[in-house]
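Pasting a structure below so you can have a look.
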Amino acid sequence: MTSARGKALTGRLHVPGDKSISHRSLILGALAVGRTRISGLLEGEDVVNTAHAMVALGARVERLGGGRWQVDGVGVGGFAAPAAALDFGNSGTGCRLVMGAVAGCPVTAIFDGDASLRKRPMQRVLDPLTRMGASIKAVGEGGRLPLTLQGAREPVPIVFEPPVASAQLKSAVLLAGLSAPGETTVVEAEATRDHTERMLRHFGAEVREEPLGAHGRRITLVGEPELAGVEVRVPADPSSAAFPLVAALIAPGSDVVVEGVMTNALRTGLFATLVEMGARLDFLERRDDGGEEIADIRARASALKGIEVPAARAPSMIDEYPILAVAAAFAEGTTVMHGLKELRVKESDRLAATADLLRVNGVAVEIVGDDLIVHGKGRAAGGGLVATHMDHRLAMSALVMGLGAENPVRVDDTAFIATSFPGFADLMRGLGADLS
Ligand code: S3P
C-alpha cells in the first residue's frame with residue numbers, strides 16, 4: 001500500500017475496541033460462571049484467536065453481530081483439555097494470558113502461533129507458572145513456541161517480582177492465581193496497564209493494589225473467587241486512536257476528532273508526550289464508561305518540537321513508539337526516547353524496524369544502547385519502501401508517515417493491520433487520506 005500527502009484530514013471517527021480489554025473480557029468470561037455479554041469487542045484477528053481458544057477450552061462463545069458477543073463460562077479451574085493445538089496467530093497477549101489461565105487448571109494444552117510469535121520470549125511467563133505448579137512438557141529452543149503446558153492440579157500462590165515491566169506477565173500470574181488457595185501477589189517496580197486487575201474486580205474477585213516507590217505497585221489477588229458473568233463495554237483503543245491523531249498533527253491543515261477513546265493513565269503516555277512536544281490535542285467530554293475513563297480527542301495540525309521521553313514513561317506507551325518516532329521526524333529538533341529494550345521483543349524487533357522505517361524515508365535516526373534518537377527537521381522526505389516484519393503497528397506508522405511526507409511512502413505488507421485495527425485504511429480514507 002502507498003500513502004501520499006494530499007488534502008487536510010478532517011472529520012470525526014470511531015476506532016475499534018481496546019485490544020487488551022477485549023482479550024481479557026473473553027478470558028474472564030470463560031472463567032466465570034454464567035453469561036458474560038460484551039459490546040464493542042475488537043473483532044481483529046488477535047482477539048478472534050483468543051475467542052477460538054476459549055471455545056477449545058470448553059467455554060461457549062457466540063458472536064451476535066455489531067461487536068456484541070456472549071460467553072458462557074466454565075468457572076475458575078474449569079477448563080477442559082483442548083482437542084488440538086491452540087493457535088494464537090500474531091498475538092503475544094492472547095498467548096501469554098491464556099497460558100496463565102491454563103496453568104491454573106488440571107489440563108494439558110499446546111500453544112502455538114505464527115512465525116513472529118514463535119520468535120518471542122515465553123520463558124519469562126513459564127518461570128512463574130512453573131513455580132505455581134504448572135509443568136512444561138515440550139518447548140521450542142530458548143523457551144519459544146510451540147510448547148506444551150500442563151496446568152497445575154493444585155496451584156500454589158506465589159509472590160512474583162516480574163524481571164521486566166510487562167502487563168502480560170503480571171496478568172498470566174494473576175490468572176493462574178485465580179485457582180490457587182490464598183493470595184497471589186505481583187510486585188511491579190513500574191506499574192503497567194491495570195485492565196486485568198480492574199476486570200477481575202468487575203467479575204467479583206478481590207484484588208488489592210498498593211503504591212510502591214515512585215512508579216510501582218503491589219497487587220494482591222485473593223484466590224478461588226466465584227467469578228460471575230457480567231456486562232462488559234469495551235472502550236475505543238487509545239493505541240489505535242494514536243494513528244489518525246498523529247496523522248492529523250503532521251498533515252497540514254488537519255482537524256480530526258476520535259470519539260470515546262479510553263484515557264486510562266497507564267495507557268496514555270503518548271498523548272502526554274505529544275502535548276509536551278506542542279501538539280494541539282484537546283480532551284473533550286471526559287466521562288466514565290464501564291469502569292474506564294474515556295474522552296473525545298481532537299487533534300489539529302501542529303508545529304512540534306523535539307523532547308526527551310523518560311524511560312519511566314515506557315510502560316504507559318509501550319506500543320506507541322513507532323508512531324511517536326514518526327511524529328518526532330516531523331518535529332523541529334531532537335527527540336530522545338529512553339529505555340526501549342522491550343521493543344526488541346514485540347511483534348518484530350520494533351526498535352530496529354522503527355529506525356529503519358525513518359531511515360528509508362530520509363530521517364536521521366540513531367539507536368544508542370536502548371534509546372532511540374530522532375533528529376527531526378520539521379519535515380520528512382518520504383519515498384521509502386518500509387519493511388513491516390509481520391508487525392501491524394509498523395505498517396500503520398509508515399502509512400501515517402506518508403500522509404505528511406514530501407514523497408509517497410510504501411509498505412511491503414498490510415495484512416497484519418487486521419490483527420488490531422480492521423478497517424484502518426477505509427477509516428483513514430474517510431478523513432481524506434490518500435491510501436492506495
Ligand atoms: C499488553 C501488554 C503489552 C503490550 C501489548 C498488550 C496487554 O505487552 O505491548 O500490546 O494487553 O497486556 P507487555 O506487557 O508484555 O509489555
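Counting starts at 1 for both ligands and their atoms, following the listed order.
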Just to check, does Arg193 reach to within less than 4.0 Å of ligand 1 when the distance is taken from its heavy atoms?
yes

Could you list which atoms of ligand 1 come closer than 4.0 Å to a heavy atom of Thr93?
1 (C), 5 (C), 6 (C), 7 (C), 11 (O)

Atom 15 (O) of ligand 1 [closest protein heavy-atom partner, distance rounded to 0.1 Å]
Ser166 OG, 2.8 Å

Going by an N to O cut-off under 4.0 Å, is there a salt bridge joining Arg120 and Asp114?
no

Does a salt bridge link Arg124 with Glu342, judged by any charged N lying under 4.0 Å from a carboxylate O?
yes

If you compare His392, Lys346, Arg393 by their heavy atoms, the one closest to atom 13 (P) of ligand 1 turns out to be Lys346

Pair Arg233 + Glu231: basic N to acidic O under 4.0 Å
no

Please tabulate, for the side chains in residues 26-41, all donor-acceptor contacts under 3.5 angstrom to protein atoms that are two or more places apart in sequence or on a different chain.
unit_1, atom_1, unit_2, atom_2, d
Arg35, NE, Asp72, OD1, 2.9
Arg35, NH2, Asp72, OD2, 3.2
Thr36, OG1, Val230, N, 3.3

Would you mind running through ligand 1 and noting each atom that sits below 4.0 Å from a heavy atom of Ala167?
12 (O), 13 (P), 14 (O)

Would you please determine whether Asp319 falls within less than 4.0 Å of ligand 1 on a heavy-atom basis?
yes

Can you tell whether the side chains of Glu276 and Arg313 come within less than 4.0 Å, N to carboxylate O?
yes

Any heavy atom of Arg24 under 4.0 Å from ligand 1? The part involved is side chain

Residues that Phe424 engages under ring-ring contact (aromatic ring centres under 6.0 Å, His included), provided they are two or more places apart:
Phe421

Nearest protein heavy atom to atom 11 (O) of ligand 1, by residue and atom, and its distance?
Ser20 OG, 2.7 Å

N/O to N/O below 3.5 Å, does that happen between Arg96 and ligand 1?
no

Can we say Arg350 and Asp319 salt-bridge, meaning some charged N sits less than 4.0 Å from an Asp/Glu carboxylate O?
yes

Heavy atom of Lys170, distance to ligand 1 below 4.0 Å:
no

